[in-house]
Amino acid sequence: MTMIEILYFAWLREKIGLPGERVETSAQTVMQLIQELSSRDDVYALAFADPGSLRVALDQELAEFTSPLSGVREVAFFPPMTGG
Amino acid sequence: MTMIEILYFAWLREKIGLPGERVETSAQTVMQLIQELSSRDDVYALAFADPGSLRVALDQELAEFTSPLSGVREVAFFPPMTGG
Amino acid sequence: MFAADSRLTLQIQQAAFDPGATLNAFQAAHPGVGAVVSFTGIVRDEGATLTALEIEHYAAMTGPAISAIAEQAIGRWQLAGALVIHRYGRLLPGETIMMVATAAKHRAGAFASADFLMDYLKSRAPFWKKAFSAGGSEWVSAKAEDEAALHRWSDLP
Amino acid sequence: MFAADSRLTLQIQQAAFDPGATLNAFQAAHPGVGAVVSFTGIVRDEGATLTALEIEHYAAMTGPAISAIAEQAIGRWQLAGALVIHRYGRLLPGETIMMVATAAKHRAGAFASADFLMDYLKSRAPFWKKAFSAGGSEWVSAKAEDEAALHRWSDLP
């Protein structure tokens with residue numbers, strides 16, 4: 001079990017109702033972390049219902065849902081970016 | 001025979017030694033006008049030796065060497081443009 | 001502020017800025033180039049329906065992400081300089097959201113690199129826009145065409 | 001001055017101008033757009049060899065030729081506005097030769113139209129450049145790639 005800082009942005013932040021939280025997890029990949037969160041509460045299950053509509057960054061770098069979490073301290077979830 | 005204003009620009013102006021001149025001509029096309037000028041003096045023959053390296057405008061609009069001169073009042077000869 | 005490369009000017013800020021003064025300062029900072037291209041993005045009023053735009057960003061990631069994109073552009077087009085200013089927070093219609101500028105020897109490199117920077121900032125820099133209107137608010141969704149635009153840059157020199 | 005279309009701002013002049021002030025005035029003159037692209041062309045010193053550039057133009061043709069090119073861009077990309085300033089006469093290294101700006105709803109139209117305007121001004125507006133150096137002077141010759149660049153625009157929508 002390791003402590004990970006999780007951040008949420010845009011409508012994901014609003015759906016979950018938190019800008020972020022610290023969680024203790026044994027998830028090995030991003031997908032496992034999503035499953036863990038989703039099994040915890042319906043709010044997460046709904047927010048993460050369509051992972052294809054989300055993006056993830058590990059320690060401030062874009063990553064994949066299959067990416068491993070070992071050594072990662074900050075996981076950020078957010079919708080596709082709309083800068084510019 | 002009609003009177004036409006001829007203008008020269010850039011190195012063509014320098015080779016011919018004039019910014020422009022009025023000529024009386026019976027040339028029907030731009031090419032005929034070039035031939036007429038070239039036969040008048042070696043300066044023109046040299047300046048117009050390679051028509052492919054020149055451009056022509058009739059009454060301030062880009063034209064072809066085969067373009068007819070009927071009704072045209074101003075003929076301008078110049079090298080390819082280098083604006084911008 | 002995040003820029004290790006001296007050719008890059010990067011500002012991520014809430015405050016308004018002056019695009020014209022920025023363009024002049026950028027041009028003056030890169031003497032010797034022949035071409036400067038700038039892009040400014042402005043909040044549209046969407047037929048007077050939009051009252052405000054709120055831009056959220058992921059502060060810890062924004063600087064590094066934009067730097068990485070700009071370094072790519074600087075290397076690929078051998079730019080003398082690149083500039084990115086991007087605002088966050090609440091903006092009103094008509095306000096300038098962001099600006100990109102590039103300085104290169106010739107026009108082709110200046111145009112291509114500014115176009116590239118915009119395509120990547122649009123889909124790869126961690127900003128999200130929320131549009132406010134009389135009827136409420138709505139997160140602006142990413143366009144498929146913005147994602148598709150990135151492919152333009154994959155097979156060019 | 002030659003522009004019949006109110007969306008076009010066209011200036012052909014010997015005097016220097018301020019690109020930043022021009023950009024700000026252009027942006028202010030076209031409210032409601034989302035994207036403004038500008039290009040400024042600057043005299044390069046060519047490794048400190050160039051001492052001056054002299055630009056000759058065909059005054060009676062310059063305005064109409066640029067207007068025709070700009071009208072094409074305005075129609076093709078449905079621009080809210082287009083601006084062209086081009087100087088003639090003697091210019092020193094570092095001086096701004098010319099500027100193009102376009103205002104459109106989205107970035108794609110603003111970029112493409114400014115790029116198009118530059119390609120056409122380069123090869124179709126009646127300007128000629130003479131480069132002066134310590135060794136003498138030489139007319140700048142047109143590049144085959146500039147002529148080739150025009151073909152980019154023939155088969156696009």
Side-chain angles (χ1 to χ4, degrees), chain A residues 2-23 25 29-30 33-34 37 43-84, chain C residues 2 12 39-44 53-70 84-88 91 96-100 114-131 136-150:
Chain A
T2 45
M3 285 299 281
I4 287 187
E5 185 83 33
I6 310 186
L7 302 176
Y8 309 109
F9 291 96
W11 58 253
L12 192 67
R13 171 178 55 70
E14 292 180 340
K15 275 198 184 175
I16 290 173
L18 287 173
E21 56 190 316
R22 286 175 69 81
V23 301
T25 179
T29 65
V30 174
L33 180 61
I34 291 176
L37 291 166
V43 167
Y44 294 94
L46 271 166
F48 285 106
D50 177 16
S53 68
L54 294 175
R55 301 286 179 268
V56 64
L58 302 181
D59 289 334
Q60 301 96 45
E61 277 205 37
L62 283 176
E64 304 295 327
F65 289 104
T66 53
S67 299
L69 290 180
S70 62
V72 168
R73 299 192 301 179
E74 185 172 288
V75 179
F77 292 106
F78 40 77
M81 300 168 244
T82 53
Chain C
F2 306 93
I12 296 149
F39 175 91
T40 42
I42 303 144
V43 183
R44 285 189 306 271
L53 203 60
E54 203 155 295
I55 302 179
E56 177 172 335
H57 77 133
Y58 177 6
M61 180 176 168
T62 313
I66 297 180
S67 284
I69 293 166
V84 178
I85 301 178
H86 204 302
R87 295 175 64 192
Y88 58 89
L91 283 83
T96 301
I97 305 172
M98 54 88 62
M99 180 169 179
V100 152
D115 204 359
F116 168 94
L117 278 172
M118 283 310 304
D119 277 354
Y120 272 82
L121 290 174
K122 203 93 189 167
S123 306
R124 292 290 181 271
F127 292 97
W128 299 273
K129 293 192 186 104
K130 193 175 191 176
S137 67
E138 194 174 14
W139 288 96
V140 174
S141 37
K143 291 186 203 139
E145 68 199 62
D146 285 336
E147 191 63 32
L150 300 181

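Every chain is numbered from 1 and lettered A, B, ... according to where its sequence line falls, protein lines coming before strand lines.
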**Fill in**
CD (A/Gln60) and OG1 (C/Thr62) are apart, to the nearest 0.5 Å, by 10.0 Å
**Part of C/Arg124 within contact of chain A (heavy atom distance under 4.5 Å)** = both
**A/Glu64, CD atom: more than 12 neighbouring heavy atoms under 6.0 Å** = no
**Request:** Taking the side chain as every heavy atom from C-beta outward, state whether A/Glu74 and C/Met61 have any atom pair closer than 4.5 Å.
**Result:** no
**Message:** Classify the ring geometry of C/Trp128 against A/Phe78: parallel below 30°, tilted from 30° to 60°, perpendicular beyond 60°.
**Reply:** tilted
**Fill in**
Given C/Tyr58, C/Phe39, C/Phe127, the one with more heavy-atom pairs under 4.5 angstrom with chain A than any other is C/Tyr58
**Request:** Mind listing the closest non-hydrogen atom pair of C/Val140 and A/Thr82 along with its distance?
**Result:** O-CG2, 3.4 Å
**Prompt:** C/Ser123, C/Ala68, C/Gly41: which one forms the most heavy-atom pairs within less than 4.5 Å of chain A?
**Reply:** C/Ser123
**Item:** Nearest-0.5 Å distance that lies between atom CE in A/Met81 and atom CD in C/Glu147
**Value:** 9.0 Å
**Request:** Could you tell me which non-hydrogen atom of C/Trp139 sits nearest to which non-hydrogen atom of A/Glu14, and how far apart they are?
**Result:** NE1-OE1, 2.7 Å
**Prompt:** Would you say A/Glu21 has more than 12 foreign heavy atoms packed within less than 6.0 Å of its CD?
**Reply:** yes
**Asked** With a 4.5 angstrom heavy-atom cut-off, which part of C/Ala125 approaches chain A: side chain, backbone, both or neither?
**Response** backbone
**Request:** Check each atom of A/Ala57 against the heavy atoms of chain C and say whether the ones under 4.5 Å are side chain, backbone, both or neither.
**Result:** side chain
**Message:** With a 3.5 Å distance limit and no angle check, can you tell me whether C/Lys129 reaches the backbone of A/Gly83 through a side-chain donor-acceptor pair?
**Reply:** yes
